[in-house]
Amino acid sequence: MSPVRVRQHVNPLAQKYQTPVKSLDWEKVYSQPHQPLHLDIGSARGRFLLNMAKIETNWNFLGLEIREPLVIEANQLCSDLGLTNLHYLFCNVNKSLKTLLSSLPAGTLQRVTIQFPDPWFKSRHAKRRIVQPELVSDLANYLAVGGVVFLQSDIESLALEMRNNFSQNPAFQKLSSQEWMPENPLPVATEREIATKNKGEPIYRTLFIKREITA
Ligand SMILES: C[S@@+](CC[C@H](N)C(=O)[O-])C[C@H]1O[C@@H](n2cnc3c(N)ncnc32)[C@H](O)[C@@H]1O
């Protein structure tokens, strides 16, 4: 089956992407809904999560993606392969994250990845970028203590902006004293990561851990 063709970018501020999703019935989504959950934001064709789900069968995986045809295709592949720890959801993450996270079984969200998000280079388009302070604070509220957020990009200015947004939230502590992590700590590379490596271009990576906040 040839991959579905889609527009390269959609504007997340467009009217049609402003409706939040309804929360899901996790008991129907996963065969083991209380396993730790890895959330991948901007999952595109979903191959990264598909390979993660095959390797880490004692985790659940959720991909959020704004381009619906990619989600339909990825869920089809997931069900063809009989994977019961993987699901993709069509949504605008900046409108739907709180609803989704607040409905999860408590303590299950333990890993988040935001990898090569769309850069929206023009400053007047900055509000279209995924990593906004509100998204960081929603993750801070629902990620389990000790849970991690992994960020990577091939655009240094965007990687810096993402890192600053997380650093400014007291719930997150940057792991590793190096400016950028030299290697990906995960066992699977994303499609964009593979393409960037093949071009010999640099990748800017940061890992944060969620810490306990004492009043
Ligand atoms: C450049 S791609 C990177 C895909 C993948 N993470 C990788 O590393 O290969 C960024 C993805 O984020 C999706 N995206 C952008 N804004 C989004 C939003 N507000 N909500 C959900 N997905 C979004 C895009 O449609 C696109 O598939």
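In what follows, every heavy atom counts, from backbone to side chain, and hydrogens, waters and symmetry copies are set aside. Computed from a predicted structure; not experimentally measured. Atoms within each ligand, like the ligands themselves, are counted from 1 in listed order.
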Checking a contact table here: which protein heavy atom is nearest [atom], and how many Å away?
atom: atom 12 (O) of ligand 1; value: G42 CA, 3.3 Å
atom: atom 15 (C) of ligand 1; value: D118 OD2, 3.4 Å
atom: atom 19 (N) of ligand 1; value: N92 OD1, 2.9 Å
atom: atom 8 (O) of ligand 1; value: T190 OG1, 2.8 Å

Output, in order, the C-alpha distance, side-chain angles, deciding distance and verdict of ring-ring contact (aromatic ring centres under 6.0 Å, His included) for W120 and H9. CA-CA 10 Å; W120 296 108; H9 293 116; 5.5 Å; yes

Taking distance alone, with N or O pairs closer than 3.5 Å, would you say [X] contacts ligand 1?
X: Q115; answer: yes
X: R67; answer: yes
X: D40; answer: no
X: E193; answer: no
X: V93; answer: yes
X: I66; answer: yes

Measuring from non-hydrogen atoms of C91 to any atom of ligand 1, is the shortest distance under 4.0 Å?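 Under 4.0 Å: yes for C91.
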
Can you tell me how far the CG atom of N11 sits from the NZ atom of K16, to the nearest 0.5 Å?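 Between atom CG of N11 and atom NZ of K16 there are 9.5 Å.
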
side-chain contact (heavy atoms from CB on, under 4.5 Å) assessment of L62 paired with H38: CA-CA 6 Å; L62 179 65; H38 174 152; over 6 Å; no

Could you check which of K95, E65, R128 puts a non-hydrogen atom nearest to atom 25 (O) of ligand 1?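 Heavy atom nearest to atom 25 (O) of ligand 1 belongs to E65.
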
If you measure from atom 16 (N) of ligand 1 to every heavy atom of I130, L135, V10, which option wins on shortest distance?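 Among I130, L135, V10, the closest heavy atom to atom 16 (N) of ligand 1 belongs to I130.
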
Could you walk me through whether N60 and Q35 pass the side chain to side chain donor-acceptor pair (under 3.5 Å) check? CA-CA 6 Å; N60 290 329; Q35 293 193 147; 3.1 Å; yes

Nearest heavy-atom neighbours spanning Q115 and E193: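 Shortest heavy-atom contact: OE1-OE1, 4.4 Å.
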
Measure across M162 and Q152 and return the closest heavy-atom pair with its distance rounded to 0.1 Å.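 Looks like CE-O, 4.1 Å.
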
I203 side chain reached by R205 side chain, heavy atoms, under 4.5 Å: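 Yes, their side chains come closer than 4.5 Å.
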
Heavy-atom side-chain contact between F116 and E191 under 4.5 Å: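 F116 does not reach E191 side chain to side chain.
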
